[in-house]
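Some notes on the structure that comes next.
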There are 2 protein chains.
Amino acid sequence: MSAIRLLILGAVRQHGRAHGYQVRNDLEFWGAHEWSNAKPGSIYHALKQMAKQGLLVAHEVAPSTAGGPPRVEYEINDKGTEEFFTLLREALSSHEQKTDVLSAGIGFIVDLPRDEAVALLKERIAGLEQWRSGVTEYYTPEDGPEQLGHIGEIMNLWVHSADRGAEWTRGLIERIEGGAYTFAGEGEPFVGVLADDDPNPYTTGPHPEDNR
Amino acid sequence: MSAIRLLILGAVRQHGRAHGYQVRNDLEFWGAHEWSNAKPGSIYHALKQMAKQGLLVAHEVAPSTAGGPPRVEYEINDKGTEEFFTLLREALSSHEQKTDVLSAGIGFIVDLPRDEAVALLKERIAGLEQWRSGVTEYYTPEDGPEQLGHIGEIMNLWVHSADRGAEWTRGLIERIEGGAYTFAGEGEPFVGVLADDDPNPYTTGPHPEDNR
DNA sequence: CAGGATCTAGTCAAGTTTGACCAATGACTG
DNA sequence: CAGTCATTGGTCAAACTTGACTAGATCCTG
């Protein structure tokens with residue numbers, strides 16, 4: 001699973017209908033270009049692909065300013081919405097995800113009911129713990145850990161990452177259970193996109209060095 | 001930078017000369033199929049590509065067992081070796097890497113002199129710290145952190161990951177400075193590949209559930 | 001008000017990754 | 001000893017990603 005589809009479906013969903021450049025701007029607004037592979041090519045490709053697969057409906061739109069390139073607006077439909085929630089739930093609950101997927105999931109976590117969000121995160125922790133015990137057991141040589149040499153450091157790194165990931169997830173659960181943020185069905189949702197006619201505040205701003 | 005080239009160059013380098021299937025087995029032996037995208041297609045593609053680019057020399061080999069498919073052996077040359085060390089140094093020193101790249105770097109860290117390994121890891125920590133201060137400063141809204149809503153959790157996650165990554169790296173540095181493992185120029189190197197005629201001990205063994 | 005920079009909106013070729021598939025050989029099993 | 005299954009060694013199409021490029025409109029600046 002890649003993060004880009006979740007991000008794009010989420011972006012289109014918040015607008016109801018959007019063209020590629022709007023999606024691009026939203027992702028940049030969320031900082032997604034720093035922690036995911038959200039580049040123009042990927043975004044436009046994913047939009048086309050998902051339209052082809054019936055998750056989005058493409059509308060050709062007459063260029064607003066005469067002479068500009070032909071634009072395509074994408075509208076999310078029921079199938080797309082369903083896919084969005086499937087991806088979202090998987091992003092949050094599965095430990096077999098890279099950080100970019102989890103990040104995207106966090107970005108849309110408030111689109112779920114609070115209870116479900118917590119349940120999914122707990123599932124994630126359970127998965128991490130199970131993976132940890134499986135992996136440590138399987139890769140611990142019988143004749144002492146030194147048989148692995150420095151290769152053992154790789155496993156050490158992954159186990160460490162899993163432990164810290166679980167730790168962080170527990171913290172998040174606590175904050176959510178403590179009442180933080182506004183979830184689905186709890187009133188005015190958090191506004192996470194730029195208004196359709198806003199100028200993009202992040203173009204060519206002073207950036208921290210780009211990282212991932 | 002993707003981990004696969006580093007992994008493959010490293011594998012070929014330890015054999016001097018190897019064909020695709022041997023590389024595949026080494027990577028599996030190292031557990032790389034669990035934490036990187038080392039799948040047959042990627043491996044064979046990367047081998048061909050690097051041969052095309054002059055990092056490896058391809059030798060067509062008569063099938064050992066008559067009738068088998070034609071095999072290609074790849075031999076690493078000076079350019080490939082240089083590339084290997086370039087990638088290795090970057091994998092270890094740059095914080096802008098996914099965990100699979102770092103893992104691959106750790107896997108070959110003993111191919112460097114001990115001093116250099118430590119220096120590269122320290123560079124990594126410095127980068128992480130600088131990134132952290134840049135990012136927290138840039139994404140901290142003036143009107144209080146609550147302006148970000150749950151989106152702030154994404155940054156929180158990344159900062160947390162960076163902190164834990166630095167912590168782990170410090171631990172590794174300590175172990176290395178404490179004399180662990182055998183580095184380049186320190187005598188008999190750690191044997192990290194399967195002997196050319198060994199049976200593959202990892203085919204169809206009981207695996208922990210596959211993860212990444 | 002000319003000229004450059006930026007914004008809007010997107011395309012494209014080349015490279016990479018995925019997952020399924022293929023065929024010969026050897027090993028096991030009833 | 002036929003059938004099945006695993007191993008060896010790899011190919012391929014389709015999907016995805018990357019990075020560079022395009023082109024008109026608009027803003028800014030001297």
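A quick note: this is a predicted structure, and the numbers were derived from the prediction, not measured. Every chain is numbered from 1, with letters handed out A, B, ... down the list of sequences.
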(message) Which residue is it: B/Ile76, B/Val12, B/Leu9? I am looking for the one with a side-chain contact (heavy atoms from CB on, under 4.5 Å) to B/Thr81.
(response) B/Ile76
(request) Before accepting this row, confirm whether a basic side-chain N of the pair A/Glu60/A/Arg71 lies closer than 4.0 Å to the acidic partner's carboxylate O. (result) no
(request) Please work out whether the ring planes of B/His150 and A/Tyr181 are parallel, tilted or perpendicular, with thresholds of 30° and 60°. (result) perpendicular
(request) Choose from C/dT17, D/dT8, C/dA9 the nucleotide whose nearest atom is closest to any side-chain atom of B/Tyr21. (result) D/dT8
(request) Could you pick out which residue, B/Lys52 or B/Pro40, lies toward the 5' side of DNA chain C when each is mapped onto its nearest nucleotide? (result) B/Lys52
(request) May I have the step-by-step check of side chain to side chain donor-acceptor pair (under 3.5 Å) for B/Arg124 and B/Ser93, ending in yes or no? (result) CA-CA 4 Å; B/Arg124 182 158 190 282; B/Ser93 65; over 6 Å; no
(request) Please report how far the helix from C/dC1-D/dG30 to C/dG30-D/dC1 bends, comparing the axis fitted to its first five pairs with the axis fitted to its last five, to the nearest 10 degrees. (result) 20°
(message) Nearest to the side chain of B/Ser2, heavy atoms from C-beta on, is which of D/dG9, C/dG10, C/dT17?
(response) C/dT17
(message) What is the separation between atom NE2 on B/His45 and atom C1' on C/dT18, rounded to the nearest whole Å?
(response) 12 Å
(request) Compare side-chain N and O positions of A/Lys48 against OP1 and OP2 of C/dT11 and report whether any pair is under 4.0 Å apart. (result) yes
(request) Take the protein atom CZ of A/Arg5 and the nucleotide atom P of D/dT17, then report the distance between them rounded to whole Å. (result) 9 Å
(message) Just the rounded figure in Å: distance from P of D/dG10 to CD1 of B/Ile8.
(response) 13 Å
(request) Examine D/dC16: is either OP1 or OP2 under 4.0 Å from a nitrogen or oxygen in the side chain of A/Asn37? Give yes or no. (result) no
(request) Tell me which nucleotide among C/dT16, C/dA9, C/dT11 gets nearest to the side chain of A/His19. (result) C/dA9
(message) Can you measure A/Ile43 atom CD1 to C/dT8 atom C1' for me and round it to whole angstrom units?
(response) 14 Å
(request) May I have the distance from A/Leu47 (atom CG) to C/dT11 (atom C1'), rounded to whole angstrom? (result) 14 Å
(request) Using a strict cut-off of less than 4.0 Å between a Lys/Arg side-chain nitrogen and an Asp/Glu carboxylate oxygen, indicate whether B/Arg13 and B/Asp111 qualify as a salt bridge. (result) yes
(request) Check every atom of D/dA15, C/dG15, D/dG10 against the side chain of B/Arg71 and return the nucleotide holding the closest atom. (result) D/dG10
(request) Give the nucleotide from the list D/dC16, D/dT11, C/dT17 with an atom nearest to the side chain of B/Ser42. (result) C/dT17
(request) Write down the distance between CD (A/Glu28) and C1' (C/dC7), rounded to a whole number of angstrom. (result) 12 Å
(request) Specify whether B/His95 and B/Trp131 have parallel, tilted or perpendicular ring planes, treating 30° as the upper limit for parallel and 60° as the lower limit for perpendicular. (result) tilted
(message) Does B/Gly20 reach a base, just sugar-phosphate, or nothing at all? Heavy atoms under 4.0 Å.
(response) sugar-phosphate
(message) Within the 4.5 Å heavy-atom criterion, are A/Met1 and A/Lys98 side-chain neighbours or not?
(response) no
(request) Round to a whole Å and report the spacing from CZ of A/Arg24 to C1' of D/dG19. (result) 12 Å
(request) Write down the distance between CD (A/Gln49) and P (D/dA14), rounded to a whole number of angstrom. (result) 12 Å
(request) Would you please confirm or rule out a distance under 4.0 Å between OP1 or OP2 of C/dT16 and any side-chain N or O of B/Lys39? (result) no
(message) Strictly below 4.0 Å, N to O, side chains only: are B/Lys79 and B/Glu82 in salt-bridge contact?
(response) no
